[in-house]
Amino acid sequence: MIKVAASIENGFVFNGNFDLRGVAELSQKGLFRLTNSSTFGIGRAFFSQPLSFKNSSNGTSVSFSTTFVFAFVVDQGRLPGHGMAFMIAPSKNLTGSSSAQHLGLFNLTNNGDPSNHVVAIELDTFQNQEFNDINGNHVGIDVNSLESVKSAPAGYFDNENREFKNLVLSSGEPMQAWVEYDAPETQLNVTLAPIHTGKPDLPLLSLNMDISPIILEQMYVGFSSSTGQLVQSHYVLGWSFRLDEKAPELDLSQLSSFSGKEQPQRKERELVVGLSATGVVLLIIVTISISIILWRRKKAQFTEILEDWEVQYRSHRFSVVLLCALRMASLVAQLVSPVETGHKVWQDQAFIKWRKRDPHVTLHCHESVEGSLRYWYQRNKVDHLVSKSAVWNDDAVQGALDSAAFWVKDLPFVKSLSGFWRFFLAPGPDSVPKKFYEAAFEDSEWNTLPVPSNWELHGYDRPIYANVLYPFPVDPPRVPDDNPTGCYRTYFDLPQGWQDRRIFLHFEAVDSAFCAWINGVAVGYSQDSRLPAEFEITDYCYPCGSGKKNLLAVQVFRWSDGSYLEDQDHWWMSGIHRDVLLLSKAQVFIADYFFKSNLAENFTCADIEVEVKIESALEIPRDKIFDNFTIEAALYDTGSWYNSEESPDLLSSNVANLKLTHSPMGILGFLGNFLEGKLEKPKLWSAEQPNLYILVLSLKDATGQVVDCESCLVGIRQISKAPKQLLVNGCPVIIRGVNRHEHHPRVGKTNIESCMIKDLVLMKQNNMNAVRNSHYPQHPRWYELCDLFGLYMIDEANIETHGFHLCEHLKHPTQEQSWAAAMMDRVISMVERDKNHACIISWSLGNESSYGPNHSAAAGWIRERDPARLVHYEGGGSRTTSTDIICPMYMRVWDIVKIAKDPTEPRPLILCEYSHAMGNSSGNIREYWVAIDSTFGLQGGFIWEWVDQALLKESGDGRKHWAYGGDFGDTPNDLNFCLNGLTWPDRTPHPALEEVKYVYQPIKVSLEESTIKITNTHFFQTTQGLEFSWTVHGDGYELGSGILSLPLTEPQSSYRLEWESGPWYPLLASSFAEEIFVTITTRLLHSTRWVEAGHVISSTQIQLPTRQKIMPHVIKTTDAKVFSETLGDTVRVSQLNVWEITWNIQTGSIESWKVGGVPVIKEGIIPCFWRAPTDNDKGGEKDSYYSRWKAAGIDSLVFQTKSCSVKSTTDNLVKIEVIYVGVPSCEERSLSESTNATALITVNMIYTIYSSGDLIIECNAIPSSEFPPLPRVGVELHLEKSVDQIKWYGRGPFECYPDRKAAAHVGVYEQNVGDMHVPYIVPGECSGRADVRWVTFQNKDGVGIFASTYGSSPPMQMSASYYSTAELDRATHHEELVQGNDIEVHLDHKHMGLGGDDSWSPCVHDKYLVPAVPCSFSIRLCPITAATSGLEIYKSQFQN
């Protein structure tokens, strides 16, 4: 029988060709030297670990205490005087021998002789014998003869479960062995590779031999010579080789001093691939663990050993490409950490992790059931009050540390390592300080860095913002040598209560790849910047109570091959940005669990199930675990926990118990450990009613003592599909969602409890019920909070390869098999961590990564692992077979309606991204919701995005401001494309959030002829907890209000009310207001977790018919006379001591307007057609509105006066006519040349000044027919800075525009000019108010100017700002704005919409465009004092 012992996991790579040299005459040459009479053999061995073999035919066994399995060293001629050590000795505890143990060495000095290369190889020929390892597992598996079998699974036989198990990479890939034997020739080829690939060109293991083997010496395995008992024969194959005549001897007691430190023991398991062949006696043993000792370690690095293996000798050639797991248990194990092998593992997409434990749910490691319930009792005490402590400045650094401590509070077996660590940033991996991970390394000169954090936000390197472009040359999987590498060091001790327990090192997330060491021993490597990495470190820590501090060192790479999968639209920042934890577990513990519920058809009861994974370090077969231990689970209802101020009896809240069931072995074999139970009358979870239970699992030993306890929040709910519908608990819920990046302006990707709650509170208060984690799994606490507050969630894998869209010569990784393992690992790890969270309704395969077979594989895995949720993926056109939801991004309204009405498409449509909220944006969103609310098959969407991703940056003057791409000197960058939020970075809402709240509101009110329809669009809540009220306004002023008593309205039901029967009708009947609006408002009667009682969830304003039609007419003259005089180029029109207007005949504009001797208008009134471009205006490159405006010259229009004349003068009025010609500005032309240039637009303005002080402006504009749609059509004037109090009758109080005004109610509002301004990070058009009927501008004494529409002109768009249009256009950051010497006012007859379907194409809907056609409008201006009101002046122009 031929046996191949191998352990193939993600480890480092041996790569090269070298010759075998014989290992004959080993004993004679002194390779192994003995000092007692015990017999020995070359056996499988582990460092300081007993090894036992048993002959199952006669029961005899032998035990050794050994150091190494097998080893080979090749081509070390450049390392004279260095060698490799092997130690083999009998085990004291079995033999009773007290003889000294010895270390045998062979020296590799070749003195220039290239033939001096040594490989030791073992051959077993245990014919017809069964040999077991110490755990009882067979060490070999027979495979049928090679003549008939060309391939077979590579694996080992698990004796505990009596089954053959595949050899599996830690990435999850099973292995396959291909065997080729050309009998009777002497050629044998054995290949190991992932099972799904087919036979590869570059296998993980390939062995080729082309010479006939011969047996050179027979050895024996036995107890000792004193027993005289032979256990079995043992053979060694070999070829001639050269060794020194004598090998030195070294007593084993020198091992500790040799290493310079204590070394813990490490248990290992070997995997065996068995192959059999007739007539062939050939075996090549490949190491399970390679433990290497360099005799003079200061003179050579292990990386040198691995380089350039290429030796030819005669015709004997040995080719190896070997990926093997290196267990860091040797004396100098740090020398073989993956990052120090010479192979750049951070640039190998097949090497994604090493010694990393399987993904699992978040573990809490409770000490008892009571302790777990107390933990959740405290942890669930979160509400909107916590959000008030959210910090966004430098205090956030400490806030992040405080949160990390809070999240592990009351967990006796979890310890946070957060704090200030020693830190050094090297420019690249090659510049990392040598052996910085060792205790002897001096780090006193290093600075400290808070952990968790992103180092770029603490003065190291720089953050980089890019949307699509990779910030390094695209050459996958390679990344630049200029690769900032962070070196971290910190110390910790183990609590006394952790004695004899297993210890795990848990990183919540590190960006982008890292390796960790404990006390100088490498313990693991991982990639994936947004998911945990966990390593067992039990054997590498100093014992509890030893008084010795343990050293944790971490090396973090900014760039890795994993970065190619992380090209999301956000800041590239690095480091340990989530918490680092120590977890302590019993020897047998709960390693993972999966909660599932199956609701009855009528939702009156639920079958509940928990799949549990138990892990044991004890020598107990898996099928015997439950002979010694019991597992229990229970559900606890938290609903009554907070009903009183007294501490509740938590245990009494138990509502269901689950018992272990043993599923019979079926065609699929063992399916897992399951606990099952039933819950009667479950309280269902939904975003509207987030009812939660606590699931507690406890593992008890034979005495009934709890040895381990785990718990989590769970919700009972059902996610399912129906034709064109996603169903939650049987209802087609509407997704009112938003995309959310993890972003904090001071601490970057690091999370703070109060800041996460602030996000949730604002989302819920603005009627959002869903969030998409864009574009990666987020902090574990975020999921708990979404469970608690009630948000539906799409959890998204950390996969985006957007930058490959720009690479014509490269496929997306999703289409490459070499990236399959990495992509699958990210998807699997996300699902396994987050699988128990009720809030998750769908898993997402990632974002903007094209589409390929890797997506199909990931979707298939999810659907089998978790069929109770949907799968989402937009790539490939949003309609591939890998998505259960049609999920386009930025698709136009008419197109989504078309898909919804497609009878061949059975899936619902939910926009994964829409309404791009970049700067002053979110126009058209109401059009989307008119369609969604009225079209079957449309179920909502997720706005892009929640927050402006700006970072705090200190200016030269010490002040801090919001910074975006390029502000840190980062290249490449995408400038301000990171500013797409509904809130500023400190979560101050943008005005657009008001519009979102309105279209998302759950209570809809509409007027249908004479009926007011009030609809409860909730799916699970009645209107019982709501209060309805009404308010009536006449001409903007409140006429009355009251409570609107309505009967209880069921979910998805409506109530209709004749408006003439409403309680407001008597007020309407007696009112002579020209306009009457009734506003119906819905408030919460009771406080909730996310808001206090009285919060407005819905408010709708409806215009009602008035008693009679109002007819406008011309201004009535008064008895007062108008005085007019012309002095040169100036015309002065006035009424003595009341008002005075000075006109410049040359320019046709007003030079001043005084009221009561007080200057109010400084200059104007001139036509205006230009606005400071918004981000949306600039989107579309040459096709953008901005580009077309500039090409047409609209941005540079200069209005020259073609003529200005006084047309008529009477005692009661003066009429002046001005004809303006708009021409492109050109400094090189004279005034006359400019005036005579081709007119782009002609404006005729007639100013009529009445004795009453009224100025009526009649404006007729004729733009060029070649013009694109215009930004605005209106007039511009400039007020004195003192005239800064504004009151208007129109929409407000917040900023609104023609395509974003549904939420802004018509009323009378008052603000000062400074408060009108909206400080978008990148300035542009802002501060507008829509549908303004009249407006007053007054100083503190009430003196100023009134303006209104006049005649048949519709309401106008109004703005007033200390910043000129030119200044808003010039500045690239808000802090750069410079206030002018006056207030610039715009009164627009028409103003183009903002757009917002996206920000990279011209997308203002047609009805909100301003076509370049002739138009006419009229505006009224007049003086105002404190003795008059805007309403009185406005009404004076109407007749009843």
Side-chain angles (χ1 to χ4, degrees), residues 917-923 948 950 959-962 964 976 979 981-995 1160 1162 1164 1168 1170-1177 1271-1272 1274 1276-1288 1290-1298 1300-1301 1303-1304 1309-1332 1335-1340 1344-1345 1347 1356-1388 1391 1394:
M918 186 177 184
N920 191 3
S921 184
S922 303
D948 281 342
R959 294 185 300 171
K960 293 185 177 180
H961 66 275
W962 303 128
Y964 53 79
N976 65 316
L979 309 179
L982 293 170
T983 72
W984 275 274
D986 62 1
R987 275 46 171 191
T988 300
H990 283 194
L993 190 55
E994 297 283 355
E995 191 82 351
V1160 290
K1162 193 171 185 180
C1168 184
W1170 174 245
R1171 74 181 185 191
T1174 65
D1175 292 304
N1176 289 347
D1177 291 341
R1272 65 175 8 132
E1276 174 186 325
L1277 58 133
H1278 294 257
L1279 303 177
E1280 294 287 345
K1281 264 193 163 180
S1282 59
V1283 187
D1284 59 356
Q1285 301 300 310
I1286 305 177
K1287 181 182 288 186
W1288 75 96
R1291 293 191 178 273
F1294 41 82
E1295 177 193 74
C1296 49
Y1297 283 82
R1300 199 191 72 208
K1301 65 181 183 181
Y1309 303 100
E1310 187 170 4
Q1311 283 185 312
N1312 61 51
V1313 171
D1315 292 338
M1316 293 277 287
H1317 178 69
V1318 181
Y1320 293 109
I1321 297 173
V1322 176
E1325 167 61 35
C1326 66
S1327 309
R1329 301 302 191 271
D1331 295 344
V1332 172
V1335 57
T1336 63
F1337 305 93
Q1338 297 170 278
N1339 63 17
K1340 60 183 178 59
I1345 291 294
M1356 55 191 173
Q1357 181 81 15
M1358 178 271 298
S1359 66
S1361 176
Y1362 291 123
Y1363 306 108
S1364 68
T1365 298
E1367 182 65 9
L1368 292 170
D1369 190 4
R1370 179 199 66 82
T1372 59
H1373 295 72
H1374 185 265
E1375 68 275 6
E1376 297 172 1
L1377 287 172
V1378 178
Q1379 289 190 7
N1381 296 320
D1382 51 37
I1383 297 169
E1384 183 174 295
V1385 174
H1386 287 272
L1387 303 174
D1388 296 333
H1391 195 105
L1394 300 169

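No hydrogens, no waters, no symmetry mates; every other heavy atom, side chains included, goes into these values. Residue indices begin at 1 and follow the sequence shown.
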> I'd like to check the ring pair (Phe, Tyr, Trp, His ring centres under 6.0 Å) partners of Phe1337; sequence neighbours left out, ordered by chain and number.
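Not a single residue meets the ring pair (Phe, Tyr, Trp, His ring centres under 6.0 Å) criterion with Phe1337.
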
> Can a donor-acceptor pair be found, under 3.5 Å and without considering hydrogens, that links the side chain of Glu1310 to the backbone of Lys1287?
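The answer is no, because no donor-acceptor pair under 3.5 Å joins these two groups.
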
> Starting at NZ of Lys1281, measure out to CG of Asp1382 and round the result to the nearest 0.5 Å.
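Output value for this atom pair is 8.0 Å.
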
> Determine whether Tyr964 and Ile1321 make a side-chain contact, defined as any pair of heavy atoms from C-beta on separated by less than 4.5 Å.
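Contact flag for Tyr964/Ile1321 side chains = yes.
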
> Once you round to the nearest 0.5 Å, how far does SG of Cys1168 lie from CG of Asp1388?
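The SG atom of Cys1168 sits 7.0 Å away from the CG atom of Asp1388.
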
> With salt bridge (charged side-chain N to carboxylate O under 4.0 Å, His left out) as the rule and sequence neighbours excluded, what pairs involving residues 1313-1325 come up?
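Output for this query lists Arg1272-Glu1325.
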
> Hey, what do you get for NE2 (His1278) to CD1 (Ile1383), rounding to the nearest 0.5 Å?
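Taking NE2 in His1278 and CD1 in Ile1383, the distance rounds to 11.0 Å.
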
> Taking all non-hydrogen atoms of both residues into account, name the closest pair between Lys1162 and Asn1381 and its distance.
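For Lys1162 versus Asn1381, the nearest heavy atoms are NZ-O, 3.3 Å.
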
> Please determine whether side-chain contact (heavy atoms from CB on, under 4.5 Å) holds for the pair Val1332 and Met1356, giving the CA-CA distance in whole Å, both sets of side-chain angles, and the decisive distance to 0.1 Å.
CA-CA 5 Å; Val1332 172; Met1356 55 191 173; 4.3 Å; yes

> Can you sort out the partners of Pro1173 under side chain to side chain contact (heavy atoms under 4.5 Å, CB included), two or more places apart, ordered by chain and number?
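Result, side chain to side chain contact (heavy atoms under 4.5 Å, CB included) vs Pro1173: Trp1170, Asp1177, Lys1178, Tyr1186, Asp1369.
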
> Check whether Asp948 reaches the backbone of Ala950 with its side chain - one donor and one acceptor, N or O, closer than 3.5 Å.
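Answer holds: no.
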
> Would you mind telling me which of His1386, Arg1171, Glu1276 makes a side chain to side chain donor-acceptor pair (under 3.5 Å) with Thr1365?
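When side chain to side chain donor-acceptor pair (under 3.5 Å) is applied between Thr1365 and each of His1386, Arg1171, Glu1276, only His1386 qualifies.
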
> Please give me the minimum heavy-atom distance between Ala1360 and Val1385, naming the atom from each residue.
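Smallest interatomic distance, heavy atoms only, reads CB-CG2, 4.0 Å.
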
> For Gln1338, give me all partners under side chain to side chain donor-acceptor pair (under 3.5 Å), at least two apart in sequence or on another chain.
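Here the qualifying residues are Thr1336.
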
> Which atom pair, heavy atoms only, marks the closest approach of Met918 to Asn976?
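Closest pair (atom of Met918, atom of Asn976, distance): CE-O, 3.4 Å.
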
> Counting C-beta onward and ignoring hydrogens, is there a side-chain heavy-atom pair between Ser922 and Leu982 closer than 4.5 Å?
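In short, these two side chains touch, coming nearer than 4.5 Å.
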
> Taking the basic N atoms (NZ, or NE/NH1/NH2) and the acidic carboxylate oxygens, is any pair closer than 4.0 Å for Glu994 and Arg1300?
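Judged by the 4.0 Å cut-off on N to carboxylate O distance, Glu994 and Arg1300 do not form a salt bridge.
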
> Among all residues two or more places apart in sequence or in another chain, which pass the salt bridge (Lys or Arg N to Asp or Glu O under 4.0 Å) test with Asp1175?
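Checked Asp1175 against salt bridge (Lys or Arg N to Asp or Glu O under 4.0 Å); zero matches.
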
> Report the residues that fulfil salt bridge (Lys or Arg N to Asp or Glu O under 4.0 Å) with Arg1329, sequence neighbours left out, ordered by chain and then residue number.
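Applying salt bridge (Lys or Arg N to Asp or Glu O under 4.0 Å) to Arg1329 gives none.
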
> Under the rule for side chain to side chain contact (heavy atoms under 4.5 Å, CB included), what residues qualify as partners of Lys960, not counting sequence neighbours?
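Side chain to side chain contact (heavy atoms under 4.5 Å, CB included) check on Lys960 returns Asp394, Leu952, Glu954.
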
> With side-chain contact (heavy atoms from CB on, under 4.5 Å) as the criterion, how do Val1322 and Leu979 come out once you've worked through the C-alpha distance, each side chain's angles and the decisive distance to 0.1 Å?
CA-CA 9 Å; Val1322 176; Leu979 309 179; 3.9 Å; yes

> Any non-hydrogen side-chain atom of Met1358 less than 4.5 Å from a side-chain atom of Met1316?
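When only atoms from C-beta onward are counted, Met1316 and Met1358 do touch, with a gap below 4.5 Å.
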
> List for me each residue that meets ring pair (Phe, Tyr, Trp, His ring centres under 6.0 Å) alongside His1317, sequence neighbours excluded, and say none if there are none.
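Only Tyr1363, His1374 meet the ring pair (Phe, Tyr, Trp, His ring centres under 6.0 Å) criterion with His1317.
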
> Determine whether Trp962 and His1373 make a side-chain contact, defined as any pair of heavy atoms from C-beta on separated by less than 4.5 Å.
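In short, these two side chains do not touch, never coming nearer than 4.5 Å.
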
> Can you sort out the partners of His990 under ring pair (Phe, Tyr, Trp, His ring centres under 6.0 Å), two or more places apart, ordered by chain and number?
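For His990, the residues satisfying ring pair (Phe, Tyr, Trp, His ring centres under 6.0 Å) (neighbours in sequence not counted) are Trp984, Tyr1320.
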
> If you compare all heavy atoms of Tyr1297 against all heavy atoms of Ser1327, which two are closest, and at what distance to 0.1 Å?
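Nearest pair, atom of Tyr1297 first, then Ser1327: OH-N, 3.6 Å.
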
> Looking at Leu1394, is its backbone amide N or carbonyl O close enough to the side chain of Asn1176 to form a donor-acceptor pair, meaning the two atoms are under 3.5 Å apart?
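A pair under 3.5 Å: yes.
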
> Quickly, which of Val1318, Thr1174, Leu1368, Thr1372 forms a side chain to side chain contact (heavy atoms under 4.5 Å, CB included) with Pro1323? Name it, please.
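Looking at Val1318, Thr1174, Leu1368, Thr1372, the match for Pro1323 under the side chain to side chain contact (heavy atoms under 4.5 Å, CB included) is Leu1368.
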
> For Asp1331, check salt bridge (Lys or Arg N to Asp or Glu O under 4.0 Å) against everything at least two apart and list the hits.
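In terms of salt bridge (Lys or Arg N to Asp or Glu O under 4.0 Å), with neighbours along the sequence ignored, Asp1331 is linked to Arg1291, Lys1301.
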
> Checking Tyr1362 now: which residues fulfil ring pair (Phe, Tyr, Trp, His ring centres under 6.0 Å) with it, not counting sequence neighbours?
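Once residues adjacent in sequence are excluded, Tyr1362 has no partner under the ring pair (Phe, Tyr, Trp, His ring centres under 6.0 Å) criterion.
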
> Which heavy atom in Gly1344 sits nearest to a heavy atom in Val1283, and how many Å separate them?
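What the structure gives for the nearest pair is CA-CG1, 4.5 Å.
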
> What are the two closest heavy atoms between Cys1326 and Asn920, and how far apart are they?
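It is CA-ND2, 3.8 Å.
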
> Run the salt bridge (Lys or Arg N to Asp or Glu O under 4.0 Å) test against Glu1367 and tell me which residues pass, sequence neighbours left out.
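Counting only residues at least two positions away or on another chain, Glu1367 forms a salt bridge (Lys or Arg N to Asp or Glu O under 4.0 Å) with Arg1370.
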
